[in-house]
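Down below is the structure, laid out as structure tokens.
None of these values were measured; they are calculated from a predicted model.
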Amino acid sequence: MRTGSEPRTARSALRARFWLSLWGLVWAVVGTVAFTLAGRTGWAIACGVLLLVVTTDLTIVLRHIRQGPHYQPGPDIPPYRPVDDRPARHRAPGHPPAEDRQAGDPPPDERP
């Protein structure tokens, strides 16, 4: 079911990103060393820059994995409901702002 809030509630496959980053890290190290030994300075610098980018991504992915289920939710955790912080005139009729809803209230489209 599409709600229109997918960009704000999207989840990343962190384990897949981890393995892809690790694969990229290995190839960037191999490329940097190989091009340095071959005397191709420009390519060695390019691989070195790629190595920095991949290392940064790997660090961020590992940090998010270690932060637990909020950043690496499993199938038992439902999608987060987006915060409706738009002014009332931009909200669809029958959709009260988030602060007016009580915990456990059904979504506005399911109210009687």
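- The minimum heavy-atom distance between Thr32 and Thr36, with the atom names listed, is O-OG1, 2.6 Å.
- Contact record, Ser21 with Asp57: OG-OD2, 2.7 Å, taken as the closest heavy-atom pair.
- Taking OG1 from Thr55 and CG from Leu25, the interatomic distance works out to 5.0 Å, rounded to the nearest 0.5 Å.
- Under a hydrophobic-cluster definition in which Ile, Leu, Val, Met, Phe, Trp and Tyr are linked whenever side-chain heavy atoms come within less than 4.5 Å, directly or via other members, Leu58 and Leu14 are assigned to the same cluster.
- The distance from the CD1 atom of Ile60 to the CD1 atom of Ile65 is 12.5 Å, given to the nearest 0.5 Å.
- In the hydrophobic clustering of this structure, Trp23 does not group with Leu62; members are Ile, Leu, Val, Met, Phe, Trp, Tyr whose side-chain heavy atoms approach within less than 4.5 Å, directly or through other members.
- Taken together through direct or relayed side-chain contacts under 4.5 Å among Ile, Leu, Val, Met, Phe, Trp and Tyr, Leu20 and Val30 form parts of separate hydrophobic clusters.
- Both Val54 and Phe18 are members of a single hydrophobic cluster when ILVMFWY side chains are connected at heavy-atom separations under 4.5 Å.
- A distance of 13.5 Å separates CG in Leu22 from CZ in Arg17, rounded to the nearest 0.5 Å.
- Trp27 and Ile45 end up in different hydrophobic clusters when Ile, Leu, Val, Met, Phe, Trp and Tyr side chains are linked at under 4.5 Å.
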